[in-house]
Amino acid sequence: MRKINIFDTTLRDGEQSAGVNLNLHEKLEIARQLERLGVDIIEAGFPAASKGDFQAVKQIAETIKGCSVTGLSRSVQSDIDAAWEALKGGAEPRLHLFIATSPIHMAHKLRMTPEQVIEAAVSAVKYAKRYFPIVQWSAEDACRSELPFLAEIISKVIEAGASVINIPDTVGYITPKEYGEIFTFLKNNVQNIEKVSLSAHCHDDLGMAVANSLAAIEHGATQIEGTINGIGERAGNAALEEIAVALYIRKDYYNATTRLNLQEIKRTSNLVSKLTGMVIPANKAVVGKNAFAHESGIHQDGVLKEKTTYEIISPELVGVQSNSMVLGKHSGRHALRNRVEELGYTLSEEEINKLFVRFKELADKKKDITDDDLVALIFEEKFDHFKEFYQLSSIQVQYGTNQIPTAVVVLTDGQGNEIQEAATGSGSVEALYNTLERCFQTDVTLLDYRIESVSGGRDALAQVFVKVRANEIETSGRGTAQDVLEASAKAYINAVNRVFMIEKMREENQKVAIR
Ligand code: KIV
Ligand code: ZN
């Protein structure tokens, strides 16, 4: 079987999704989980974009040793230098260079002639080869490029030293048949094409990203780029979990395999969804809540008699487990640590100690602590602290059917000062959010509010996800507590803290627009 390399860009193209802003801890956790999943390459970010991106790429490159770590770079020396500084400590440093090749992009965005684009691409690859053993070159908007020009520029970058050639469908425009034909054309018209690896990178604007990626495999691609849950710019990128499972289930057809440990798919998908705040649609292939649910009587009857009547993918294949009860009131620190490790999280001694306190508090109120409860507590302990900004000290909310809802909130700021405010609203959550807005002294618009119970039962933990806009920044936040109002307050504070964090990073270094 042919081996297909999986290039994960959840932390770069995926992080370009509207409202997604991951902090360093969150990026590291996702990178660790991607390593466990078995991806071949992690695109950890765009090092020249900002200090924050640079630091994240550097830390990921220095931490992850089970796969190659790469970073994106425009075709300019300063970007390549920044990328080398960030990536040189990695196990297998590689650079992802790109430049646009379509007439629209060259004329209107780059304002360069095709000859100038070739010159910039070739000199960038040559410069990058001074540092990087592996240079991947991408023709941005390749699918709307003129094929003879694409073939010409690819021949020249291969000659300059590129060893992976990526053909992005940047705007999600191509169809599977046409995409396959581009690969065939390049194989027939580019000198030395057999010496490089061909890569597919598809966006999902017309809902064809996965189908296009699979078509590319049929026509010679040996690397597929995409993201977990298909997150990314606009309609997103190709969903890697769908491609990997399609290759596995239809190995009879594709005769191709990946290195992915499919049983890590569900956990990876959940982690990415929770940390990015991007919900997985219930009917999403492979990882959606309903992907393995059989609703109609005829289907249920069939599955009970013989699973394969209506089930082509078993939930176990992708690591879907029933929510097991693992710990309770009498479980000790040792059992907690073991379970945390089994769940795949890396916590410091201090974090374990804090988690243990939270766990005991919860176990006093809730009989069964499930894996999902534990993961919710781990998230609170590990990722949801923005110590330099605001933390919740206390809330008090008054509600009655014939009363005006009123909230009193006490927050602590990064310097340890207490801020106390009170306000009213037309409902409890509004009263709470009006009060918090007073504490922040910033106008905040609530764009979305979602509440979920972490596990079943009346005593379940509540998890609230919000999307907000403040100071022209859109971001998401989450909060967990047994009480829905406390969870709501935490989610709002978490989102607004992210706004302040982004503003701080922007002040330190203006973020450069990729496009
Ligand atoms: O979609 C795209 O063209 C990209 C490139 C930067 C590879 O993400
Ligand atoms: Zn892309």
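These figures come from a predicted structure and were not determined experimentally. Whatever order the structure lists ligands and atoms in, that order sets their numbers, starting from 1. One is the number of the first residue; the rest follow in order along the sequence.
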Practice prompt. Using the six-membered ring wherever Trp is involved, compare the ring planes of F500 and F389 and label them parallel, tilted or perpendicular (cut-offs 30° and 60°).
Written response: tilted
Discussion item. Less than 6.0 angstrom from the centroid, inside 45 degrees of the normal: does R450 satisfy that with respect to the ring of F465?
Written reply: yes
Discussion item. Could you tell me if K251 sits above the aromatic ring of Y248, with its cationic atom closer than 6.0 Å to the ring centre and no more than 45 degrees from the axis?
Written reply: yes
Discussion item. Test of geometry: compute the angle OD2(D13)-the Zn ion (ligand 2)-NE2(H201) and round it to 10°.
Written reply: 90°
Practice prompt. Dump the intermediate steps for side-chain contact (heavy atoms from CB on, under 4.5 Å) on Y254 and I249, then the final yes or no.
Written response: CA-CA 9 Å; Y254 289 108; I249 298 289; over 6 Å; no
Discussion item. Distance under 4.0 Å to a non-hydrogen atom of H203: what atoms of ligand 1 satisfy this?
Written reply: 1 (O)
Fill in: Close approach of R12 to ligand 1, heavy atoms, under 4.0 angstrom
yes
Worksheet item: Do any nitrogen or oxygen atoms of S138 come within less than 3.5 Å of a nitrogen or oxygen of ligand 1?
Response: no
Worksheet item: Does ligand 1 have an atom under 4.0 Å from some heavy atom of H96?
Response: yes
Item to complete: Kindly indicate, with the supporting measurements, whether the criterion side-chain contact (heavy atoms from CB on, under 4.5 Å) is fulfilled by Q136 and E43.
Response: CA-CA 11 Å; Q136 162 168 331; E43 186 167 47; over 6 Å; no
Worksheet item: Side chain, backbone, both or neither: which part of D13 comes within less than 4.0 Å of ligand 1 when only heavy atoms are counted?
Response: side chain
Worksheet item: Aromatic rings H201 and H203: how do their planes relate, parallel, tilted or perpendicular, breaks at 30° and 60°?
Response: tilted
Worksheet item: Which ligand 1 atoms are under 4.0 Å away from a heavy-atom of P168?
Response: 2 (C), 3 (O)
Discussion item. What I want to know is whether H201 and ligand 1 share at least one N or O pair that is separated by under 3.5 angstrom.
Written reply: yes
Worksheet entry | Closest H203 atom to the Zn ion (ligand 2) [N, O or S only] | NE2
Item to complete: Tell me, yes or no, whether the heavy-atom count around E119 atom CD, taken from other residues, nucleotides or ligands under 6.0 Å, exceeds 12.
Response: no
Worksheet item: Against heavy atoms of E140, which atoms of ligand 1 measure under 4.0 Å?
Response: 3 (O)
Worksheet item: Do ligand 1 and D141 have nitrogen or oxygen atoms that lie under 3.5 Å from each other?
Response: no
Worksheet entry | T9 side chain to E225 side chain, donor-acceptor N/O pair below 3.5 angstrom | no
